[in-house]
Amino acid sequence: MPHSFTPKVITANALLEGDVVYLTNTDTWTRNLSDAVLLTDEADAELRLLQAAAQTGVVVGAYLADMQNGPDGPEPTHFREAFRRKGPSNYAHGKQEQF
């Protein structure tokens, strides 16, 4: 029985800063989830993931993360991605002050 592909974004960590980053429609990286491209085609998602993972001088740990379409762009469907979106949890700074 074939499985159903759920929408995803490609996410990774910026190599130098360690920030969570997301792949955009123009194959650049952004720190804003709302600017990420929401992938709905499995073959396209797998190809773009391979291309993203090959950018070893820019990002590390690229993977596909489940998302849903929200009013302002992709929204996490799992607490892990919601947590990563906010940044480090040791104290409120940077992105944590925005959420």
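Every heavy atom of this structure was used, including side-chain atoms; hydrogens, water molecules and symmetry mates were not.
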What heavy-atom pair brings [X] and [Y] nearest, and what distance separates the two atoms?
{"X": "Pro76", "Y": "Glu81", "value": "CB-CB, 3.8 Å"}
{"X": "Pro74", "Y": "Ala36", "value": "CG-O, 3.6 Å"}
{"X": "Ala12", "Y": "Val59", "value": "CB-CB, 3.8 Å"}
{"X": "Leu64", "Y": "Ile10", "value": "CD2-CG1, 3.5 Å"}

Query - Side-chain heavy atoms of Leu15 within contact of Val60, under 4.5 Å - result: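 Sidechains of Val60 and Leu15: in contact.
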
Report task. Flag the pair Arg48 / Asp27 as yes when at least one side-chain heavy-atom distance between them is below 4.5 Å, and no otherwise. Result ->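 When only atoms from C-beta onward are counted, Asp27 and Arg48 do touch, with a gap below 4.5 Å.
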
From [X] [atom1] over to [Y] [atom2], what is the distance, rounded to the nearest 0.5 angstrom?
{"X": "Leu23", "Y": "Thr11", "atom1": "CG", "atom2": "OG1", "answer": "9.5 Å"}
{"X": "Trp29", "Y": "Asn13", "atom1": "CH2", "atom2": "CG", "answer": "9.5 Å"}
{"X": "Met67", "Y": "Leu33", "atom1": "CE", "atom2": "CG", "answer": "5.0 Å"}
{"X": "Tyr22", "Y": "Arg84", "atom1": "OH", "atom2": "CZ", "answer": "6.0 Å"}
{"X": "Gln55", "Y": "Leu50", "atom1": "CD", "atom2": "CG", "answer": "12.0 Å"}

Query raised in the report: Considering the options Leu38, Leu39, Val37, which one meets the side-chain contact (heavy atoms from CB on, under 4.5 Å) requirement together with Asn25?
Result: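 Of Leu38, Leu39, Val37, side-chain contact (heavy atoms from CB on, under 4.5 Å) with Asn25 is met by Val37 alone.
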
Query raised in the report: Can you list the residues that meet the side chain to side chain donor-acceptor pair (under 3.5 Å) rule with Thr77, with sequence neighbours excluded?
Result: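 None.
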
Query - Sequence neighbours excluded, every pair satisfying salt bridge (charged side-chain N to carboxylate O under 4.0 Å, His left out) that has a member inside residues 32-43 - result: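 Sorted pair list comes back empty.
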
Requested in this report: Keeping to residues at least two apart or across chains, list the salt bridge (charged side-chain N to carboxylate O under 4.0 Å, His left out) pairs with something in residues 52-67.
Outcome: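 For residues 52-67, and leaving out neighbouring residues, the salt bridge (charged side-chain N to carboxylate O under 4.0 Å, His left out) pairs sorted by first residue read Lys8-Asp66.
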
